[in-house]
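Presented below is the structure to which this report refers.
We count ligands from 1, going down the list as the structure has it; atoms in each ligand are counted the same way. Worth knowing before you read on, the calculation uses all heavy atoms, side chains too, and leaves out hydrogens, waters and symmetry mates.
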Amino acid sequence: MRSLRSRLTFTHALVAFVGVIIVAVLVIAVLRVAFNQLTERRMQSEADAAADVVSVIYQRRQGWPGAAQALQRRLAQSGPNDLVRRRRMLVYDAQGTLIFDNGSTVLQRRQPQPRDGTASQIVVDNQTVGTVLIGGQLGDLTQAETDFLRMVRWSVVVGSALAVLIALIVGRVITSRVTRPLRSLQVAAQRLASGARHEPLAIPPDRELAELAVSFNTMATELDRQQQLRRQQVADIAHELRTPLSVLRLQLESIEDGIDQPTPATLRSLAEETSLLTRLVDDLRLLSLADAGQLSLAIEPLDPVAMGERVVGNVTPRARQQQIDLKLEALPGVAPVLADPQRLLQILGNLLENGLRYTPAGGTVTLRIGTVPADVCAQGAAPDGIAGWVSFEVADTGAGIPASELPQIFERFYRADKARTREGGGSGLGLAIVQRLVEIQGGRIWVSSAVGHGTTFHIAMPPAVPATRA
Ligand code: ADP
């Protein structure tokens, strides 16, 4: 009885059984009442008929003494179906004295009571001269009626058994229908747990089961994707580590073999490879800490413009070196922002550096600070529910990113330009880190880009004071 299938089948049968029993009890009770009323009516008409007979005899004998004897004679001559013999019959005079009793029981010398049977008054010349009492009990049924009732009882019993049997069969069929998709779900879950690839489940016709199958398929597809992503990431990490490590190994081996001398230039190159490796490992560690929710944050209200000035100050020397115009545009009256100062500087610094990296000399990189306007959210150009948040935009006039690449650029190790050397850019972790840092501080990040015109990274962070709708 532990399986859902047995339970459902049993419940079906139980419900049918209880239903049938209730109907059976009701039918029998109603029949019983109907038969009681019938007998009552019949006894009353028999009592009335007896009273008529007795009144005729009374009239003919002109009083009770002769009438009683006539009744005795009539009893002696009567056949088995005669009313005088069929039922207990008592006749009382107007004073309640028993005149006649067709039974053998002790004579009752008292006024007849209704519960003794059915009474009918004997009326002669508009005067009540006595009472006839017909004995019998309510529900005193004829053979045909008893047979009919027995048949009804049997039909109810057989009907109940049939109904329960049908309920069992139907229950079995329905529960098989319900549990079949659940079984496929269980098999699919086991396959998934054993590491096999997910094969989409067929969608059953029932709505709830269809929703379950769709949810399972979505979950399994996402799990597949995550697993593939993880495998890809491990492969990417190995690949990213192998290159600087083999450069280091080769250089060290050639120094060891006397092919190269440990000159300051060689040592500097070794140190550069080491710091590249260190940065990569640091980035990976930062990401895994952020993923595990273990990155400690010191969130506090900050002046966004002061933060902007600091970060622009940090990257200005590099912008000058690359002959790129670096600008800070801040709208007046921007609310303080809720963020961790170090992490905010890291986010903005990273985006500005990317801007400088992908913008040719003579271009412009701008950091804009303001408030997210409500109409931008309404038009769908920004996520919903962030109107009034503090916005940071890092816009460049570089090559831009093709629309097909935009959804991937926040993925780990993703580089739009596959041919780009590691030396020309970062590890492909920069934007993934920026995205995680924004998200764990409760902010939002999105990107817009036009090939040939430039790229803008948008960040919205919660304000420290309640948002004023722009
Ligand atoms: P990387 O360290 O390679 O720059 P990121 O995660 O910072 O890695 O960026 C991922 C990819 O997104 C980059 O390889 C580049 O193709 C693209 N990208 C990022 N910022 C810009 C930008 N400002 N303009 C054009 N492409 C960009």
Donor-acceptor pairs are to be reported for all side-chain atoms of residues 195-214 against protein atoms at under 3.5 Å, with residues two or more places apart or in another chain.
from: His198; atom 1: NE2; to: Asn217; atom 2: OD1; distance (Å): 3.0
from: Asp206; atom 1: OD2; to: Arg177; atom 2: NH2; distance (Å): 3.4

Check: Just which atoms of ligand 1 are under 4.0 Å from any heavy atom in Arg357?
Finding: 1 (P), 2 (O), 4 (O)
Notebook entry, point to check: Is ligand 1 under 4.0 Å from a heavy atom in the side chain of Phe410, in the backbone, in both, or in neither?
Noted result: neither
Check: Is Gln323 atom CD crowded by more than 12 heavy atoms from other residues, nucleotides or ligands, each under 6.0 Å away?
Finding: no
Note to self: Taking 4.0 angstrom as the limit and counting only heavy atoms of Leu431, give me the atoms of ligand 1 inside it, by number and element.
What the structure shows: 5 (P), 6 (O), 7 (O), 9 (O), 10 (C), 12 (O), 19 (C)
Checklist line | Atoms of ligand 1 close to Ile409 [distance to a heavy atom under 4.0 angstrom, numbered from 1] | finding: 10 (C), 12 (O)
Note to self: For Leu429 and Leu286: C-alpha separation, side-chain torsions, deciding distance, then whether side chain to side chain contact (heavy atoms under 4.5 Å, CB included) applies.
What the structure shows: CA-CA 10 Å; Leu429 288 175; Leu286 183 74; over 6 Å; no
Next item on the list: Would you kindly specify which portion of Ile401 sits under 4.0 Å from ligand 1, judged on non-hydrogen atoms: side chain, backbone, both or neither?
Entry: side chain
Checklist line | Asp396, any N or O under 3.5 Å of ligand 1 N or O | finding: yes
Margin query: One residue to check: Thr359. Relative to ligand 1, which of side chain, backbone, both or neither has a non-hydrogen atom less than 4.0 Å away?
Written below: neither
Notebook entry, point to check: Just checking, any donor-acceptor pair under 3.5 angstrom between side chains of Asn350 and Gln346?
Noted result: no
Next item on the list: State the atoms of ligand 1, each with its element, that fall below the 4.0 Å cut-off from a heavy-atom position in Phe457.
Entry: 20 (N), 23 (N)
Item checked: Verdict with reasoning, Gln228 to Asp224, per side-chain hydrogen bond (donor to acceptor under 3.5 Å, both in side chains) -> CA-CA 6 Å; Gln228 240 171 318; Asp224 262 355; over 6 Å; no
Checklist line | Heavy-atom proximity to atom 1 (P) of ligand 1, best of Gly355, Gly428, Gly400 | finding: Gly428
Check: Picking from Gln233, His239, Gln232, what satisfies side-chain hydrogen bond (donor to acceptor under 3.5 Å, both in side chains) with Asp236?
Finding: Gln232
Checklist line | Arg318, CZ atom: more than 12 neighbouring heavy atoms under 6.0 Å | finding: yes
